[in-house]
Amino acid sequence: MPGTIDTLATVECNDLIESVSTRSYGQLRLRLDRQIPVLPGQFAMIKPHGHYEPLLRRAMAYYRCGLGKKSLSVDFIYQILGRGTQMLAKLKAGDEVDFLGSLGNTFYIEAAHRHEALLVAGGVGSAALFMLAEELVRCKIPTKLFIGGAGRGDLCGLGDFISLLSSDQVISATMDGSYGEKGFVTVPFEKHLQSRRGEPMIIYACGPDPMLHRVSQIADQFAVPAQLSLESPMACGFGICVGCAVAVKAESPVGFIYKKVCTDGPVFWSNELHW
Amino acid sequence: MPGTIDTLATVECNDLIESVSTRSYGQLRLRLDRQIPVLPGQFAMIKPHGHYEPLLRRAMAYYRCGLGKKSLSVDFIYQILGRGTQMLAKLKAGDEVDFLGSLGNTFYIEAAHRHEALLVAGGVGSAALFMLAEELVRCKIPTKLFIGGAGRGDLCGLGDFISLLSSDQVISATMDGSYGEKGFVTVPFEKHLQSRRGEPMIIYACGPDPMLHRVSQIADQFAVPAQLSLESPMACGFGICVGCAVAVKAESPVGFIYKKVCTDGPVFWSNELHW
Amino acid sequence: MNNNPQSAIRNPQSDLLSVEIAGIRFNNPVLTASGTCGYGLDMAELIDLNKLGGVCTKGLSTRPLGGNAPWRIVETHGGMLNAIGLQNIGARAFVEEKLPELRRYDTRIIPNVFGYTVEEYIEAIEILEDGEGIDGYELNISCPNVKAGGESFANDARQAAEVTAAVKRAARRPVIVKLSPNVTDIAVIARSVEDAGADALSLINTAVGMSIDINTRRPRLANVTGGLSGPAIKPIAVRCVFQAFRAVKIPLMGIGGIATVEDALEFIIAGALAIQVGTANFYDPSASMKIIDGLADYCRRNGLENIGALVGTVELNH
Amino acid sequence: MNNNPQSAIRNPQSDLLSVEIAGIRFNNPVLTASGTCGYGLDMAELIDLNKLGGVCTKGLSTRPLGGNAPWRIVETHGGMLNAIGLQNIGARAFVEEKLPELRRYDTRIIPNVFGYTVEEYIEAIEILEDGEGIDGYELNISCPNVKAGGESFANDARQAAEVTAAVKRAARRPVIVKLSPNVTDIAVIARSVEDAGADALSLINTAVGMSIDINTRRPRLANVTGGLSGPAIKPIAVRCVFQAFRAVKIPLMGIGGIATVEDALEFIIAGALAIQVGTANFYDPSASMKIIDGLADYCRRNGLENIGALVGTVELNH
Ligand SMILES: Cc1cc2nc3c(=O)[nH]c(=O)nc-3n(C[C@H](O)[C@H](O)[C@H](O)COP(=O)(O)OP(=O)(O)OC[C@H]3O[C@@H](n4cnc5c(N)ncnc54)[C@H](O)[C@@H]3O)c2cc1C
Ligand SMILES: Cc1cc2nc3c(=O)[nH]c(=O)nc-3n(C[C@H](O)[C@H](O)[C@H](O)COP(=O)(O)OP(=O)(O)OC[C@H]3O[C@@H](n4cnc5c(N)ncnc54)[C@H](O)[C@@H]3O)c2cc1C
Ligand SMILES: Cc1cc2nc3c(=O)[nH]c(=O)nc-3n(C[C@H](O)[C@H](O)[C@H](O)COP(=O)(O)O)c2cc1C
Ligand SMILES: Cc1cc2nc3c(=O)[nH]c(=O)nc-3n(C[C@H](O)[C@H](O)[C@H](O)COP(=O)(O)O)c2cc1C
Ligand code: FES
Ligand code: FES
């Protein structure tokens, strides 16, 4: 990955997101004293510097970035789950972070020209879509976001998306009905596709596997191209461990080969994938 | 150890001691919301809370303690060496610390009545002697401190000792000659014993093994009783791992048995020890 | 914490958590592992022994042993090496000095026993047979068999069976044999020990490791090598329990890096009917208490009538 | 970082650090371990391959292999489990597609080779013999021998010797045999492989482990068990190197949890003439570079003319 650097970044701020959810999230801003390309869909591998455990860095999608004079700041939204994200949650302004990035490919935005772009986000998966949404807006592509989560507090970045896209372009769904429609986000998403059947559309999605699977089926059904940003356990993030395998259709005795989510992805066309 | 508690303590302050030494030290104050007995020579096992590595808590001698209304504050001085003390150095006010204490026996102060008490400290070993010095002063026992280290910056707690004992009762020695006599602290210490030969004296020492060994020889030579506070690698600190063995003279085929530094010590009479 | 043995109230969690192993009824499946809780009593100040499923004592031999020279322990990443050298007060002193106090608690008492010859094992067992309140024995067979060239009993299926069979003949009480991970195929040893009459297996003992001080260029342990324990070895231990569960029918006690209820559940799902907490006692003395509470919670949340229903339920078909 | 292979300048540290193993001259004793650096080129963006002592490639087989289903990796305390399933592009594709680029760097190239039968090893070696710029082979013998009942070659002294001898007959270039820690006595295997003609040994490969997701009650790895690597296994690896050093005369490469120069020194003092950095490449890609600098510093500070003087200097008499 040309342009990938392994460096120390400095924590500018790290805010635990107050929410009514049973889950917890944090938003982290890192400052790098170098500028590197940061593309929508890309990610970095990060870890608090000088801590011995957990060992491995964690893959985090770029949520947003900002250019300073000679510096760069990047934002991440993380859900606090296991050891890695618990350690991220302890970071304070001024702390140092091991940073490896930028990693991975990017969304294919050219394909969206003269299409309506439909973004589908589940839980913290929305983090991977915000820079994409910014870019689509910049390219003047009509963009709609379908965002789902367990409850209101799990719709990560909702406010930022609404400011960017305007509230009528953001359709929400929560499992507990605390915000937007009650149920899976794929339901209003499917309805929308139905109502616009035949119009040129393109889908970009990121979220839990079952959601992506359903998005992929719907995309198939309506013959709309879809790009999915995948997650997979990663040890290295830059292609040397082959831990992040995903089955991709191919002519082979089994009908697929394994590709690497970290360097061949994380963004794949949904019809490439061997589910 | 009756009265030992395993609790969370809160960091009140943690200051890296500015020094000219090539070594680094920190001084940590913890607040407990309970009061427990804290005796000179005792120690606690501590570790930053919620950190997975290093696994084991570190033994730290009480340097000083202060009673609040319902709380207790305890100070430690630590030398930053390996993983454990590196983690201690990262603690900030408000952080939580796993705290197991009070542990170990205490100096036998009764023996000092009508004696001159000679304290011998090497490096961060002085931390274990400050509460003892306070107690000796409280009991109006004439007390002298011989304190040694690599350089001026390694004479931990020097200022506090001087305030407590007055500067003419504190004899310093540094290997680089940057403060006090140049060389081993045991040299001025031995000279003092020589000059007071026959007078009632008692020795209390804490420091690196070679220093303690030398103190022990000198004590033998002048037939002065000596209590030594030992260090040894500890896994538990409360008697269940038997990792902290020290050979103590006994009638046995080999002439010694192993005792536990954590519960039988850390303070031993020098003539008990099988060097 | 209620540390008064007399006032032991029967644990209300015991219906959810009680398990029977080798005919021994444990109030819950959480024991403290040999060598990591002294003779049990040493933990009484910090945990409620009445709440504990059982205590495996420090390894006991016929005669008291002095143990290895220091240094005896070294911390490593995620674990520690120990070479205590099986220092112990001897089986007789245990029976006379420790047992009377220990048996006042409502917890099962499992002396851990070792020897350097089969005869020494038998002798130690015979001393312990006199002790009242002992519930069963755990055989530490990871000792060098001095008569058979000094290789560990645990490393050879035939020798492991031999010592098991001999102890079974000598012991009235149930015998749990503790296996070592330092073998090519733990299933072979497990089967061989089962065939020799073991009532249950406990696994794993420590993995042989070493650490060198690069400044002195000497081994950090006076004994040169030592036993690796702690979270670092957990994946190895889970694998051993999983393999043994498929190899034998007798019940298993899982040991190795267990520090949390999640760890305990992992071993139970792999095939352990009980678990032992070892190194975690050192850095988190109340780990066993938290695990017991956590297991009861788990049963309640998942509608399990007894934790036993979870044993060996790992699903392999993907 | 200078990543242009053409401009490789001879490393000024090489007099301090150059070592010869099995007739191969390494600029320094630091290699990247098989399976943790792809085919070497994958690291070129992050480290200076010209500075590296050598590269052990991902294990190569006669034909390309697709590997195991996901999940393939799980992090554990101090380490990770992997069950990649030896996915690789095949020996032929390595020679044709990777080698021409890789050999432009001033580093030694050691393809790691495996097979499920002795014949497959030979076939893979024969393909590689055509490749120009290969310096030697590392045999991964931790594979199940499908003809002999599926037990790993590495777990049986006779089978380990058999595959070693067969490969030695087929290979023009030096052969380094990589040993597994999952055996009762590594010295026995080491001697047997030495007797069969191995030019050097590398050790250790991963320790077999397992992890279970307590929520799904399924193994976290699709392959059920996997190989444990990382700092967690370092004490086991140091012990294995120490034992092998005393058992054989051929040189050793130490592997297992090496992440810092202190780790590397520990292995060298235990008996390793070279070391390989594995899992650390994942979480600290420049670990190998820091180790090389650190070793040179160490030699200078301690007045060593060459790092070789430190090999096996652990002192046992206390
Ligand atoms: C390309 C990519 C982008 C990501 N972006 C984000 C993001 O923006 N925000 C965010 O909160 N998380 C993101 N993740 C997931 C993140 O990397 C961690 O996997 C997750 O936060 C759990 O880590 P933990 O330390 O809390 O949990 P632990 O339980 O400690 O994780 C243990 C190990 O398993 C891996 N792991 C656990 N669960 C998963 C999973 N579902 N998928 C993949 N790996 C897993 C972890 O990486 C780690 O190695 C992303 C993952 C990938 C691959
Ligand atoms: C009773 C007692 C009181 C102590 N009081 C103090 C104190 O007031 N201030 C202070 O700075 N240190 C004190 N120590 C030493 C302290 O516990 C640590 O051993 C030391 O700080 C090194 O830990 P580390 O994490 O920095 O090094 P690491 O290298 O990470 O330590 C690795 C392991 O070895 C042990 N260890 C390493 N060196 C020694 C040693 N020389 N003696 C014993 N164990 C060792 C550590 O405890 C740890 O388990 C005391 C030790 C004991 C036994
Ligand atoms: C300090 C120490 C002493 C031990 N002593 C014994 C012993 O005497 N007998 C025995 O069978 N196992 C002994 N063990 C092994 C433990 O009982 C346990 O099997 C091993 O440590 C793995 O569990 P853990 O990772 O939870 O510690 C000892 C372990 C440690 C750490
Ligand atoms: C993801 C991964 C893949 C590996 N693949 C191979 C392989 O193909 N061939 C081999 O001999 N060893 C392989 N190994 C083992 C390593 O080369 C090394 O022996 C082991 O990981 C221990 O070293 P470490 O703790 O530094 O990682 C692999 C290890 C890992 C972590
Ligand atoms: S995460 Fe290592 S290859 Fe993708
Ligand atoms: S430190 Fe565990 S017994 Fe002393």
Side-chain angles (χ1 to χ4, degrees), chain C residues 69 74 76-81 151-152 154-156 180-185 207-214 216-219 222 224-226 228 230-243 257 259 261-270 298 310 313-318, chain D residues 69 74 76-81 151-152 154-156 180-185 207-214 216-219 222 224-226 228 230-243 257 259 261-270 298 310 313-318:
Chain C
V74 178
T76 65
H77 193 126
M80 60 180 278
L81 290 166
E151 211 212 330
S152 160
N155 291 1
D156 182 84
S180 151
N182 306 299
V183 295
T184 305
D185 189 345
V208 182
M210 179 174 180
S211 172
I212 299 171
D213 182 327
I214 60 169
T216 63
R217 296 206 313 273
R218 290 178 191 280
V224 182
T225 61
L228 183 64
I233 65 166
K234 197 185 80 171
I236 298 175
V238 171
R239 183 262 300 173
C240 288
V241 167
F242 172 80
Q243 292 176 333
V261 65
E262 290 80 16
D263 297 336
L265 288 166
E266 192 173 346
F267 278 83
I268 294 170
I269 294 168
Y298 180 92
L310 199 64
T313 56
V314 55
E315 289 176 35
L316 294 189
N317 47 326
H318 268 261
Chain D
V74 178
T76 66
H77 193 127
M80 59 180 278
L81 289 166
E151 211 213 330
S152 159
N155 291 1
D156 182 85
S180 152
N182 307 297
V183 295
T184 306
D185 189 345
V208 182
M210 178 173 179
S211 173
I212 298 171
D213 183 327
I214 60 169
T216 63
R217 298 207 311 276
R218 290 177 191 281
V224 182
T225 60
L228 183 64
I233 65 167
K234 197 185 80 171
I236 298 176
V238 171
R239 183 262 301 172
C240 287
V241 168
F242 172 80
Q243 291 176 334
V261 65
E262 289 81 16
D263 297 335
L265 288 167
E266 193 173 347
F267 278 83
I268 294 169
I269 294 168
Y298 179 92
L310 199 63
T313 55
V314 55
E315 289 176 35
L316 295 191
N317 46 325
H318 267 260

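Residue numbers begin at 1 in each chain, while the letters A, B, ... track the order of the sequences. The figures here come from the full heavy-atom set of this structure, side chains too, leaving out hydrogens, waters and symmetry mates.
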Chain D contact via [X] - which portion, at a heavy-atom distance below 4.5 Å:
| X | value |
| --- | --- |
| C/Y298 | side chain |
| C/I268 | neither |
| C/L265 | both |

- Query: So which of C/K234, C/H77, C/R217 has the largest heavy-atom pair count under 4.5 angstrom toward chain D?
  - Reply: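 Top option by heavy-atom pairs under 4.5 Å: C/R217.
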
Can you tell me how far apart [atom1] ([X]) and [atom2] ([Y]) are? Round to the nearest 0.5 Å.
| X | Y | atom1 | atom2 | answer |
| --- | --- | --- | --- | --- |
| C/N182 | D/N182 | CG | CG | 10.5 Å |
| C/D263 | D/I214 | CG | CD1 | 8.5 Å |
| D/R218 | C/E315 | CZ | CD | 5.0 Å |

Interchain contact, [X] with chain C, by part (heavy-atom threshold 4.5 Å):
| X | result |
| --- | --- |
| D/T76 | side chain |
| D/A207 | side chain |
| D/S211 | both |
| D/L228 | side chain |

Pairs under 3.5 angstrom only: tabulate donor-acceptor contacts from the side chains of residues 235-242 of chain C to other protein residues two or more places apart or in another chain.
unit_1	atom_1	unit_2	atom_2	d
C/R239	NE	D/V208	O	2.9
C/R239	NH1	C/Q243	OE1	3.1
C/R239	NH2	D/V208	O	3.1

- Query: What residues form a side-chain hydrogen bond (donor to acceptor under 3.5 Å, both in side chains) with D/T184, not counting sequence neighbours?
  - Reply: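 Testing D/T184 for side-chain hydrogen bond (donor to acceptor under 3.5 Å, both in side chains), a comparison that skips the adjacent residues, returns C/T184.
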
- Message: Please check: side-chain N/O of D/E266 versus main-chain N/O of C/I212, any donor-acceptor pairing under 3.5 Å?
- Response: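 Yes; at least one donor-acceptor contact below 3.5 Å.
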
- Query: Between D/A232, D/G257, D/S152, D/A270, which residue shows the highest count of heavy-atom pairs closer than 4.5 Å to chain C?
  - Reply: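 Looking at each option in turn, the highest pair count goes to D/A232.
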
